[in-house]
Amino acid sequence: MASKVRFTVGSQVWVEDADVAWIDGLVEEVQGDELVINCSSGKKVTANVSSVYPKDAEAKRCGVEDMTRLAYLNEPGVLQNLKSRYAMNEIYTYTGNILIAVNPFQRLPHLYNNHMMGIYKGAEFGDLSPHPFAIADRAYRLMINYGKSQAILVSGESGAGKTESTKSLMQYLAFMGGKAQSGGRSVQQQVLESNPVLEAFGNAKTVRNNNSSRFGKFVEIQFDQSGKISGAAIRTYLLERSRVCQISDPERNYHCFYMLCAAPPEDRERYKLGDAASFHYLNQSSCIKLDAMDDASEYITTRRAMDIVGISSDEQDAIFRVVAAILHLGNVEFSEGSEADSSVPKDEKSQFHLKTAAELFMCDEKGLEESLCKRVIATRGESIVKNLDARAAALSRDALARIVYSRLFDWLVNKINTSIGQDLSSKLLIGVLDIYGFESFKTNSFEQFCINLTNEKLQQHFNQHVFKMEQEEYTKEEIDWSYIQFVDNQEILDLIEKKPGGIIALLDETCMLRNSTHEIFAEKLYQKFKGNPHFSRPKFARSDFTIHHYAGNVTYQTDLFLDKNIDYAVNEHQVLLNASRCSFVSSLFPPSEESTKSTKFTSIGSSFKQQLQALLETLSATEPHYIRCIKPNNALKPAIFENSNVLQQLRCGGVLEAIRISCLGYPTRRRFDEFVDRFGVILPEVLGESHDEVTATNMLLEKANLTGYQIGKTKVFLRAGQMAELDALRTQVLGCSATKIQRKVRSYLARKNFIQLRISATHLQAICRGQIARYHYEDLRREAASLTIQACYRMHFARKNYRNLCSASTTIQSGLRGMAARKELHFRLQTKAVVIIQSFWRSYVARSRYTSLKKAAVTAQCAWRGRVARKELRKLKMAAKETGALQAAKNKLEKQVEELTWRLQLEKRIRADMEEAKTQENRKLQQQLQELQSQSKETKDLLKREQEIAKEALERAALVPEVQVDTTLVDKLTVENENLKTLVGSLETKIGETEQKFEEMKKTREEWMKKAADAESKINELTNTMLSFQEKVTTMEAENQLLRQQALLRTPVRTIPENSSPKSKLTNGSPRSEQTTPHGTPAPREYGSFAQPRASFFERQHESVDALINCVSENIGFSEGKPVAAITIYKCLVHWKIFETEKTSVFDRLIQIFGSAMQNHDSNEDLAYWLSNSSTLLIMLQKSLKAAGTTGTSPLKRPQTQSSFLGRMVFRSSNITVDMDLVRQIEAKYPAFLFKQQLSAFVEGLYGMICDNLKKDLSSLLSYAIQVPRTVKASMVRGRSFGSSSLPRGRSFSNQASYWQAMVDHLNELLKILQDNCVPSFFIRKIFTQVFSFINAQLFNSLLVRHECCSFSNGEYVKQGLAQLEAWCGEVKPEYAGSALDELKHIRQAVGFLVIFKKFRISYDEIVNDLCPVLSVQQLYKICTQYWDDKYNTESVSEEVLEEMRTLMTKEANQDNLENTFLLDDEISMPISLEEIADSMDAKEFQNVTAPQELTAMPAFQFLKS
């Protein structure tokens, strides 16, 4: 009931309604304690003040995230808040630290991805929007920080989303401490995969739900000391065992029975099963099949789930044999036997089912019958066998069925736990409890009694937790709470479970008495609890009773209480099934110590109470957290919110009970700034700067004459009803102010209207007079204008005739003179062209004849020399058998090879010269041909123009009779035109002949090219043959030398060619000074002498490499703005021809240098230095390296017999200078390209490390920069806006802008480091672009997930901060900032939208096209629904805009766009390609870089000075 509150006319209230539970309305009349209310539905009702609740007129359209912040914490307020948030797709809401989850019945993937988990990781509870991740993170943090286990209790109806909430919790816990289990499946996956098995054997249809869980499940996620998941286990509690034997109509038994009856025919035949309706345990209810469930497919699904959790096929077969045996056991009926008080199977059908059950149990049929019909009573000296009557035998049968099913269920749970892998040594765990909720049906039996007892116990635990949270809040705020009385439901629990004297104790006592009935049990209850306020007897009921639970009154029917409570622990059953031939059945009944004892009576109620106590002990040992799941409608469809249904679930879930506890103390809590902001109009002087917030709050409360409130450290605490009194006083003050404003406005409008009328009359008179004057003036002006026009027209006509005559005569004269001049010019041009053509043609014929003769001579010489060489080769082969002649043959052969090589080079040069000459000659001929064609074309065009000009002149001459034309001149021109046409025809003929000759020469050239290619291939084959023989000769010589030197060296000393000796000096790989032939080719060298051993040569090479590595490992600075180390490395690699080697270790050593540099990833200075060097080296490699065989020529080189770096590196002496281009094309081998690939990876890594370091520095600042500080906000509320003129320019918010200034300082610091280390501007630009993208994502995501950030004042605060970043981009050079500012487009548009006035007037098209074009519909919807104006109290966008957004989002959801999320990704890869890196810098920039002195001082590095 609502407490009495002072209501006035115009107050907004909530009143009860039969259709929608609560409906809002306005108070129209107050009649004592009766209120006349005009409801929003249009009807008027009269209600008592005590049944009416006040409504918050300033409640946000999207509700509040934490309902403890509601102005009125009452039942309709909670319901409306949930409904408002559900309409905005905000399905999660807090009540303190309790999470309420409303099932949306649609996929919302953006709420559960890894990015969202990363946002909630480590966030303070309550800072972000409500979410299961926040509950899981809080539990995980408390467990890690305090070392105490946690429990998360998930409750709600079936279909309310408990399973999805549990998935989300385990998903987050796996994210925080995830550890993959065997088979690659996570703990979360394994636990969820066990759900189908547990649901098949533990779920059943009830009156309200088709898949109601009839047991409690406690999932333990176990952690080690480091917070990593070490195992998991599933604990089950309170299985409803009585359902196996008795079910009420229209409920069903456990699903597994119906699945087995719908199994494939071969399985049913194996278990001798028929239709489900033929079994007693199933046909007690009329409901056999469910429309929404296919038992046959569910059977296959359950089998598959068993395979997944590790249950073998044999074990599955044994499980379903036990299930089938239970069904057959239930069909065994008993009748009176031949002896007194004895029983036997009733008929053959019962005997068949008994035999089948024994076969399935694999036990003795006779023994099974005796265990059901007889009982052994053990005494001190002997055992007495007692017969059981038919009723007792039926009870014994049911007891056996219950115990078998219970142990089967326990075995399944243990098997699942074994499959998951539990850590028995773990001392830290987070448990997730999923248990059935409160039940109240039309017919409530023993099952509902036990379930509601469980919920009463859990509610007591919940109430204690809520009261504890209230105490912590009061203690935190340092207010007095000692007088607050907390009343829990202990009296109801005593009524049910107190021993002795409780309902369960009386039930057990009645069950133990012979021939007891439910009427006797009910009579005992009536007598025992006659005066108990929580117990009552319904009218006209003989055996029913009612208990007043916390969630409402429930009436129980005792008809089956006794039968469902009896649970004998029969020793004969234990012995019989332990002796089963089936190992599975015998394992369910292991030998016990009490095997010799007699039958012991136990009750299901007492067992249930013991298990419940064990569950509560487990929960008491943990820190609890609560999630209450709500099913908004029974149709299971989205966007439907049924008030009555939700309200009932809130009652059953204890949420309203928690509100009741809160209302016992101080249900309304407001921060001082919020309180002053809302009620400051009551006492305007408190809004000045002379009073602080606490003083202002006290003054307002004293003004309202309230008592009983308390002032905390940061909040004011109000008793129930005081908020309504303050709102009534505020409404009264606002009403008086509105009256004054209306009076002033009406006076202003009347005066304004009079002044406008007077001014309008004056204006109208002036306009009329002016119009008359303008008409008179227009007449005078027209008369003067007509005279002027006549005079001008006559003058114009006379002047036009005169000009036409002059123009005609001038045109004829100029045409005749121009024709004569052009004729002379054309004749001279033609004469010059003919001379040029003749000279070029004669030159071409002479050159072609000479080239042909020269090429034929060279070809003949090559053929003859090849023939002579082959003869000599045959002679060498014959002479090679003699050892003494080997050396002379070798020397002679090498000379011939050199001579052939020289001749080959000469022929190639000659052929290249010929080709180049032919190419130039063809190009010249083509140019001449084109010139002739153009001249011919110009001549034709000129003739046409002259003909046209002459024709026009004749036409004009015909019009002027005064001018006489001489026709002889025209005839002369005609003859000249004919001559020109003849000349043009001859030129065209010559051009055709020239083209024909050109084609013939082209064909001849192609033939010669083909012959030259064939000759070259033959020469190459001959050369290869010579080389192979040379290698054979060298090998034989080495072997001979090895034998002579008696193997003194490990490897034979080989001769070193002169071109690879240290004495040979090369520049850029070309011969420097050698003896040459008359043609300029190198002369043959003398071979045969042995070089000195190469050991010292290798040592010098290694020393040079070591010197380079040691030098560049240190910071050797920069020269000309470029890194010295990178350019030095490149020069050495090029000089030593490292890129052209196929095997080298130099690249590995260089990579080690860069790898060691990346280890110090916290120092931006070191990272920037190595980024500068690695990127510069990468740029030079990208510009210079090319694959072997690509286009481009390179100097011919002698074949190299060594492919390693040390075999090809040639060192220069100190007196040789190098004239080389720093960056030039090099045909590189595979190691060089691999080195470039590794170098690019290092560049990317260094780039990413610098970005990550800056992101790490900015992350802590961004969390503060997104929200306006409360001190600033409080000052703003009290009259100081963000743009106050009292603040210095650019320094609004005083020192609160230090967060944004700190970010700017970090940016400047990094920019200076990068500039000092000469990092290419391209990389600097990319770094800041990526960092600004990170800032954009962080700020924008925080704006979306934190409701308090979507306010008007916060938008102004962030906008000024973004202005500082914009100013920084303007101060920095564009080559460094680039387009970084454009990366802030999301947050800039979002903030710009927040600070717009009159949003309700803006259409959706204006928002999408003009204001926020880059934001998605989901992002806009989130911002619009979360927006609240804490400064001017304006509204968000209109409901039509929101509805249009919802429609678009529904369409996108129907398109299965599951990956669509409204959050931005702040982790992006390096957006740079090698082509961009290469293009970012010119090769000329690397010139004039001074080499390090420590290297140039060494003789081996003198080439670096060039």
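Hydrogens, waters and symmetry mates play no part in the numbers below; they use all other heavy atoms, side chains included. In this text, all values refer to a predicted model and were calculated from it rather than measured experimentally.
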Nearest heavy-atom pair of F201 and Y254: which atoms, and what distance?
O-CD2, 3.6 Å
Can Q422 and N417 be counted as having a side-chain donor-acceptor contact under 3.5 angstrom?
no
So, Y92 side chain and V102 main chain: donor-acceptor pair closer than 3.5 Å or not?
no
Side chains of H255 and N211 only: does a donor on one sit below 3.5 Å from an acceptor on the other?
yes
Examine the side chains of D423 and S230 and answer whether a donor and an acceptor come within less than 3.5 Å of each other.
yes
Does one side chain, of S606 or S603, offer a donor that lies under 3.5 Å from an acceptor on the other?
yes
Are Y94 and F125 near enough that their ring centres are under 6.0 Å apart?
yes
Test log, rule side-chain contact (heavy atoms from CB on, under 4.5 Å), inputs L169 and V154
CA-CA 10 Å; L169 294 172; V154 183; 3.9 Å; yes
Do Q106 and N89 pass the side-chain contact (heavy atoms from CB on, under 4.5 Å) test, and can you show the C-alpha distance, the side-chain angles, and the key distance before you say yes or no?
CA-CA 10 Å; Q106 59 180 327; N89 266 348; 3.3 Å; yes
Please check if the number of heavy atoms outside Q316 that lie under 6.0 Å from its CD is greater than 12.
yes
Run R141 and M176 through side-chain contact (heavy atoms from CB on, under 4.5 Å) and show every step you take.
CA-CA 10 Å; R141 297 294 169 190; M176 295 296 293; 3.0 Å; yes
Any carboxylate oxygen within less than 4.0 angstrom of a Lys/Arg side-chain nitrogen, looking at E439 and R214?
yes
Below 4.0 angstrom, N of the basic side chain to O of the carboxylate: do E477 and R669 qualify?
no
For F223, does its backbone N or O pair with a side-chain atom of S426 as donor and acceptor, under 3.5 Å?
yes
Taking D137 for the side chain and G122 for the main chain, is one N or O donor matched with an acceptor at less than 3.5 Å?
yes
Just by modelled atom types, is the A614 backbone N or O under 3.5 Å from a matching donor or acceptor in the T618 side chain?
yes
Side-chain donor/acceptor of D224 to backbone N/O of G227, under 3.5 Å:
yes
Using the benzene-type ring in the case of Trp, are the ring centres of Y112 and Y172 under 6.0 Å apart?
no
Please check if the distance between the ring centroids of F462 and Y626 is under 6.0 Å.
yes
What is the minimum heavy-atom distance between N103 and G161, and which atoms define it?
ND2-N, 3.6 Å
Mind checking whether W411 and F584 have parallel, tilted or perpendicular rings, split at 30° and 60°?
perpendicular
Using atom types as modelled and distance alone, determine if a side-chain donor or acceptor of D66 lies under 3.5 Å from a backbone N or O of G96.
yes
Under a 3.5 Å cutoff, is there a donor and acceptor pairing between the side chains of N195 and K217?
yes
To check you understand the geometry: which heavy-atom pair defines the closest contact between K162 and I435, and what is its length?
CE-O, 4.3 Å
Looking at F218, does the NZ or CZ of R235 lie under 6.0 angstrom from its six-membered ring centre and within 45 degrees of the ring axis?
no
When N463 is tested against each of H465, Q460, Q459 for side-chain hydrogen bond (donor to acceptor under 3.5 Å, both in side chains), which residue passes?
Q459
Have S1259 and Q1338 got a donor and an acceptor in their side chains that come within less than 3.5 Å?
no
Under a 3.5 Å distance rule, please check whether N113 uses its side chain to pair with a backbone N or O of M116 as donor and acceptor.
yes
Run Q448 and S440 through side chain to side chain donor-acceptor pair (under 3.5 Å) and show every step you take.
CA-CA 7 Å; Q448 282 69 44; S440 178; over 6 Å; no
Please determine whether side-chain contact (heavy atoms from CB on, under 4.5 Å) holds for the pair M67 and T93, giving the CA-CA distance in whole Å, both sets of side-chain angles, and the decisive distance to 0.1 Å.
CA-CA 7 Å; M67 290 194 290; T93 308; 3.7 Å; yes
To the nearest 0.5 angstrom, please state how far the CG atom of L612 sits from the CG atom of L493.
9.0 Å
Atom NZ of residue position K427 - does it have more than 12 heavy atoms of other residues, nucleotides or ligands inside 6.0 Å?
no
Residues in salt bridge (charged side-chain N to carboxylate O under 4.0 Å, His left out) with R243, at least two apart?
E240, E251
So, Q150 and E623: side-chain donor and acceptor under 3.5 Å apart, yes or no?
no
Return the CG to CD distance between D494 and E497, rounded to the nearest 0.5 Å.
7.5 Å
Have E456 and H549 got a donor and an acceptor in their side chains that come within less than 3.5 Å?
yes
Is a side-chain donor or acceptor of N414 paired with a backbone partner of D410 at a separation under 3.5 angstrom?
yes
Look at the rings of H131 and Y120 and say which category their plane angle falls in: under 30° parallel, 30 to 60° tilted, over 60° perpendicular.
tilted
Could you give the distance from CD1 (I100) to CD1 (I630), rounded to the nearest 0.5 Å?
6.5 Å
Just checking Q490: does its CD atom have more than 12 heavy atoms from other residues, nucleotides or ligands closer to it than 6.0 angstrom?
yes
